[in-house]
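Note that this is a predicted model, so its numbers are computed, not measured.
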Amino acid sequence: MSSMSASRVPSPPVVRPGGPGDLDAVAALLTGAFADDPVVRVIIAAAPDPLAALDHLHRVTLGSEYLVADDEESANGIAGDAVVDLAVDGDGRVLGAALWDRIDRAPKTPADLEGDGAGGGIDLALLGDAWGLLTRDTAACLAERPARPHWYLYLLAVDAGARGMGIGSALLDHGLARADASGLPAHLEATSEGAARLYERHGFRTTATIAPGAPLPSYRAMTREASATS
């Protein structure tokens, strides 16, 4: 999925890897960017406190898979195939984030994150009926994933104050260069037509319509083949 948001910041951004110390900044960025996403908005509306539920989902996902220290990866058996690219300004402020997975095996599902809310698990009471919608939506996405190994763009978000600076494109270019170097295609879901147009400009083509069923809207699955690297 992807979301973008609005205005200007002074410092030119650079792209760097994310780490455990970025969790608060990235979670806040994702929650702010995705609260109005056409699909996410419907899902979290079913939670008792939608913004708290969305923030919780992001924190659990980031802390369990994406922003994990090397020693934690070894202890938890994580293969190190999840990557976070951050666009930051000259003061180190996070302006954008892209979360990628190299998929050589069955990807994680919401059920993998279930728990009692302690130790990094999902708090199902906090999610309420949103959990059932999320599970259904994820199953619909998984059904349209490529069967072959690929890089999967899980989330792409740009801060509200940084739209129009080319940050989404810079993050995409960075991640796609990594995919090209590995010789693998890239795959994602575009939940808005604006996002789909951005991805089309970067070589993605629609491969399927994802239709989780009411009340969730339909949206696009998109894939880009690897480009030859010099």
I need the minimum non-hydrogen distance between A35 and I44, along with the two atoms involved. O-CD1, 4.3 Å
Side-chain (H187) to main-chain (M222) donor-acceptor, under 3.5 angstrom: yes
What verdict does the side-chain contact (heavy atoms from CB on, under 4.5 Å) test give for L198 and S169, after you've listed the backbone C-alpha separation in whole Å, the side-chain angles of each residue and the deciding distance to 0.1 Å? CA-CA 8 Å; L198 170 67; S169 289; 3.6 Å; yes
State, to 0.1 Å, how close P215 and L133 come at their nearest heavy-atom pair, and which atoms those are. CD-CD2, 4.0 Å
Keeping the roles fixed (side chain from S227, backbone from D180), state whether a donor-acceptor pair exists under 3.5 Å. no
P149 backbone acceptor or donor facing D104 side chain under 3.5 Å: no
Looking at side-chain heavy atoms only, is the closest gap between L172 and R201 below 4.5 Å? no
Within-4.5 Å side-chain heavy-atom neighbours: R16 and D22: yes
Enter the distance from L155:CG to E189:CD here, rounded to the nearest 0.5 Å. 9.5 Å
Where the side chain of D159 meets the backbone of G161, is there a donor-acceptor pair that is under 3.5 Å apart? yes
Distance (rounded to the nearest 0.5 Å) between L156 CG and L30 CG: 10.0 Å
If I compare all heavy atoms of T209 with all of S218, which pair ends up nearest, and what's the gap? CG2-CB, 4.0 Å
Using ring-ring contact (aromatic ring centres under 6.0 Å, His included) as the criterion, point out the one residue from W100, F34, Y66 that pairs with Y154. Y66
On a heavy-atom basis, the closest approach of A221 and I210 is CB-CD1, 3.9 Å
As an exercise, state the distance from CG of D101 to NE2 of H150, rounded to the nearest 0.5 Å. 8.5 Å
D91 side chain to R93 backbone, donor-acceptor under 3.5 Å: no
Is there a side-chain contact between H56 and L127 in this structure, where contact means two heavy atoms from C-beta onward sitting under 4.5 Å apart? yes
When you look at R220 and L188, which way does the side-chain contact (heavy atoms from CB on, under 4.5 Å) test go after all the steps? CA-CA 8 Å; R220 301 197 211 180; L188 53 80; over 6 Å; no
Taking the side chain as C-beta and beyond, is there a heavy-atom pair between P48 and L126 under 4.5 Å? no
As an exercise, state the distance from OG1 of T31 to CZ of R59, rounded to the nearest 0.5 Å. 7.5 Å
Under 6.0 Å from the CG atom of D173, do we count more than 12 heavy atoms belonging to anything else shown? yes
Is there a donor-acceptor contact under 3.5 Å from the side chain of R205 to the main chain of E200? yes
For L95 versus D89, what's the shortest heavy-atom pair and its separation? CD1-CB, 3.9 Å
Going through the distances and angles, do L99 and L62 end up as a side-chain contact (heavy atoms from CB on, under 4.5 Å)? CA-CA 9 Å; L99 279 58; L62 290 167; 3.7 Å; yes
Nearest-0.5 Å distance that lies between atom CD in E144 and atom OG1 in T206: 11.5 Å
Is there a path from L124 to I43 through hydrophobic residues (I, L, V, M, F, W, Y) whose side chains come within less than 4.5 Å of each other? yes
Student check: side-chain heavy atoms of S182 and W151 closer than 4.5 Å: yes
Indicate yes or no: at least one non-hydrogen side-chain atom of V42 is less than 4.5 angstrom from one of D137. no
The reported gap from CG in L176 to CZ in R224 (rounded to nearest 0.5 angstrom) is 4.5 Å
Quick one, L57 with L134, criterion side-chain contact (heavy atoms from CB on, under 4.5 Å). Give me CA distance, side-chain angles, the key distance, then yes/no. CA-CA 10 Å; L57 282 170; L134 178 62; 3.8 Å; yes
Is it the case that one hydrophobic cluster holds both L86 and V14, taking links as side-chain heavy atoms less than 4.5 Å apart, direct or via other members? yes
Heavy-atom closest pair, residues I167 and A162: CD1-CB, 3.5 Å
Check whether R136 reaches the backbone of G213 with its side chain - one donor and one acceptor, N or O, closer than 3.5 Å. yes
Taking the side chain as every heavy atom from C-beta outward, state whether R178 and R102 have any pair of such atoms under 4.5 Å apart. no
Any side-chain heavy-atom pair from P13 and V15 closer than 4.5 angstrom? no
